[in-house]
Novice: 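Okay, handing you the structure first.
For ligands, and for the atoms within them, numbers begin at 1 and follow the listed sequence. The shown structure was predicted, so the numbers you read here are calculated from the model rather than taken from an experiment. Quick note: numbers below take in every heavy atom, side chains included, and nothing from hydrogens, waters or symmetry partners.
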Amino acid sequence: MNPAAPILILDSGVGGLTIHDALRAVLPEAPVLYAADFAGLPYGDKSEAEIAARVCGLLGRMSERFQPRLACIACNTASTIALSMVRDVLAIPVVGTVPAIKPAAAASRSGVVGLLGTAATIRQPYVDRLHAEHGRGTLLLRHAAPELVLAAEASLRGEAVPQDTVAAAVARLRAQPGGAHMDTVVLACTHFPLLSGALQAALGPEVRFVDGAAGIARRIADLTRGQPFAAAPPRFVATGDAATLARYAPALSARGFAPPALF
Ligand code: DGL
C-alpha cells in the first residue's frame with residue numbers, strides 16, 4: 001500500500017464535506033482527495049441512468065489518475081442509485097452513503113420519522129427496502145428539498161442561508177399526514193447537515209436529526225485499519241470552471257484544504 005494513496009471522497013458538490021469532517025475526526029492523518037462534481041450539480045433532479053453513468057465514469061477516471069486506496073460516495077443520491085454498479089467497476093473498497101433510516105427509527109419515540117433528501121433519493125427502491133427492513137413500523141414522511149442543496153452550496157461560498165427557504169421546506173415536510181408527531185428527521189442528503197442551524201431553528205428543539213456521517217467515517221477507519229498514511233493536507237478537486245471554484249476557496253482553506261484545483 002502506497003502511504004500517499006488517498007481516500008477519495010466524491011459528491012456532486014460540497015455536501016460530502018460533512019463526511020470529510022467526520023472522517024478527519026477519526027483519521028486526522030489520512031491523505032484525502034475530495035472531488036466535487038460541480039459540472040454535474042445537482043444530481044437530485046437527474047435520471048437514474050444519467051447519475052449512474054456519470055458517477056461510474058467519474059470514479060473510473062479518478063481511480064486511474066489518483067490511485068486511491070478506497071472510494072467513498074459521499075452522496076445519498078449517487079449511492080442509492082449506483083453503489084452496486086460502482087463496486088462492480090472499481091477494484092478498491094467502495095463505501096456508500098445511504099439514508100440513516102435505521103438509527104432514526106430506533107431513536108424515534110413517536111414513530112413518525114421525516115426523510116429530507118433529493119427527489120432522486122426519496123423515490124429509490126433502496127429507500128423502500130431500508131424502511132421495510134429497518135424502519136420498525138415507523139411512518140416515514142418523505143420530502144424532496146433540492147433548494148436546500150443550493151442553499152448549502154451558497155453557504156460555503158460565504159452567502160447567507162435563507163431561513164425562509166429552509167422554513168418552507170420544513171413546513172412542507174411537516175404538512176404531510178402525521179407530520180405533527182414527527183420527532184426525528186433523517187438528513188438524507190449530505191448537503192443538509194451544513195444547514196443544521198437553520199434546520200433546527202425551523203423544526204424546533206424537540207426534533208432530532210440523524211445523518212450517517214459518523215458511521216461512514218467509522219466504516220472507512222475499519223477498512224483502512226493498519227494501513228500506512230503519509231500525512232498531507234487534504235486536497236480538493238472539482239469539475240466545472242475556475243471562477244466557480246475560486247468562490248469556495250476561503251471556506252476550503254478554513255477547513256485545512258490545500259488550494260483547490262480543476263481536474
Ligand atoms: N449531496 C447529495 C446527496 O447526498 C446530492 C445533492 C445533489 O442534488 O446534487 O444526495
Side-chain angles (χ1 to χ4, degrees), residues 8-23 34-59 71-83 85-86 94-101 103-104 114-128 130 142-157 161 165-166 169 173 185-196 198-199 209-217 219-220 236-240 244-245 248 251-252 255:
L8 172 61
I9 298 178
L10 172 74
D11 183 33
S12 56
V14 291
L17 290 177
T18 56
I19 308 279
H20 172 261
D21 292 348
L23 183 63
Y34 187 101
D37 185 14
F38 287 142
L41 179 95
Y43 284 176
D45 65 2
K46 293 184 167 50
S47 71
E48 280 73 358
E50 243 179 308
I51 294 165
R54 189 162 188 103
V55 170
C56 287
L58 260 178
L59 282 173
C72 172
I73 307 177
C75 173
N76 291 259
T77 310
S79 298
T80 54
I81 292 169
L83 183 55
M85 279 176 257
V86 170
V94 181
V95 176
T97 306
V98 300
I101 291 173
L115 182 85
L116 268 181
T118 67
T121 296
I122 68 167
R123 67 172 180 254
Q124 290 313 308
Y126 199 120
V127 174
D128 301 339
L130 282 176
R142 308 180 192 202
H143 182 64
E147 66 280 22
L148 299 188
V149 173
L150 302 182
E153 288 288 326
S155 76
L156 263 282
R157 296 191 301 263
V161 173
T165 302
V166 178
L173 170 65
V185 173
V186 182
L187 299 183
C189 170
T190 52
H191 280 77
F192 296 169
L194 294 171
L195 303 174
S196 58
L199 281 164
F209 300 127
V210 180
D211 70 70
I216 291 158
R219 178 80 187 126
I220 295 173
F236 189 102
V237 294
T239 61
T244 303
L245 186 55
Y248 292 89
L252 295 173
R255 275 182 151 83

Novice: Does only the side chain of Cys189 get under 4.0 Å from ligand 1, or the backbone, or both, or neither? Count heavy atoms.
Specialist: both
Novice: Going by side-chain contact (heavy atoms from CB on, under 4.5 Å), Leu115 matches just one of Leu173, Ile101, Thr121, Val185. Which one?
Specialist: Ile101
Novice: Which ligand 1 atoms, with their elements, are less than 4.0 angstrom from a heavy-atom of Asp11?
Specialist: 1 (N), 2 (C)
Novice: Do Asp45 and Pro146 have side-chain heavy atoms sitting under 4.5 Å apart?
Specialist: no
Novice: So is Gly15 in contact with ligand 1, going by heavy-atom distances below 4.0 Å?
Specialist: no
Novice: Taking the side chain as every heavy atom from C-beta outward, state whether Ile73 and Thr97 have any atom pair closer than 4.5 Å.
Specialist: no
Novice: Using a 4.5 Å cut-off on heavy atoms from C-beta on, say whether the side chain of Asp11 contacts that of His191.
Specialist: yes
Novice: Among all protein non-hydrogen atoms, which one is nearest to atom 6 (C) of ligand 1, and what is the separation to 0.1 Å?
Specialist: Ser12 OG, 3.5 Å
Novice: Do me a favour and list the nearest non-hydrogen protein atom to atom 7 (C) of ligand 1 with residue, atom name and distance?
Specialist: Tyr43 N, 3.3 Å
Novice: Run the numbers for me: atoms of ligand 1, each under 4.0 Å from some heavy atom of Val149, listed by number.
Specialist: 6 (C), 7 (C)
Novice: Between Thr97 and ligand 1, find which residue part has any heavy-atom pair under 4.0 Å and reply side chain, backbone, both or neither.
Specialist: neither
Novice: Can you tell me the protein heavy atom closest to atom 8 (O) of ligand 1 and the distance?
Specialist: Gly44 N, 2.8 Å
Novice: Among all protein heavy atoms in this structure, tell me which lies nearest to atom 2 (C) of ligand 1, with the distance rounded to 0.1 Å.
Specialist: Cys75 SG, 3.2 Å
Novice: Are any of the side-chain heavy atoms of Phe209 and Phe192 separated by less than 4.5 Å?
Specialist: no
Novice: Is the closest side-chain heavy-atom distance between Leu199 and Leu187 below 4.5 Å?
Specialist: yes
Novice: Atom CG of Leu41 and atom CG of Leu150: how far apart are they, to the nearest 0.5 Å?
Specialist: 6.5 Å
Novice: Just need the protein heavy atom nearest to atom 10 (O) of ligand 1, so name the residue and atom and give the distance.
Specialist: Thr77 OG1, 2.6 Å
Novice: Looking only at N/O atoms, are Ala188 and ligand 1 under 3.5 Å apart anywhere?
Specialist: no
Novice: Heavy-atom pairs closer than 4.0 Å: do any link ligand 1 to the side chain of Asn76, the backbone, both, or neither?
Specialist: both
Novice: According to the interplanar angle, ranging from 0 to 90°, do the rings of Tyr34 and Phe236 count as parallel (below 30°), tilted (30 to 60°) or perpendicular (above 60°)?
Specialist: parallel
Novice: Using every non-hydrogen atom in the two residues, find where Ile81 and Glu48 come nearest and quote the distance to one decimal.
Specialist: CG2-O, 3.6 Å
Novice: Output the list of atoms in ligand 1 that are nearer than 4.0 Å to some heavy atom of Thr118, sorted by atom number.
Specialist: 5 (C), 8 (O), 10 (O)
Novice: Number the atoms of ligand 1 from 1 as they appear, then name those within less than 4.0 Å of a heavy atom of Pro42, with their elements.
Specialist: 7 (C), 8 (O), 9 (O)
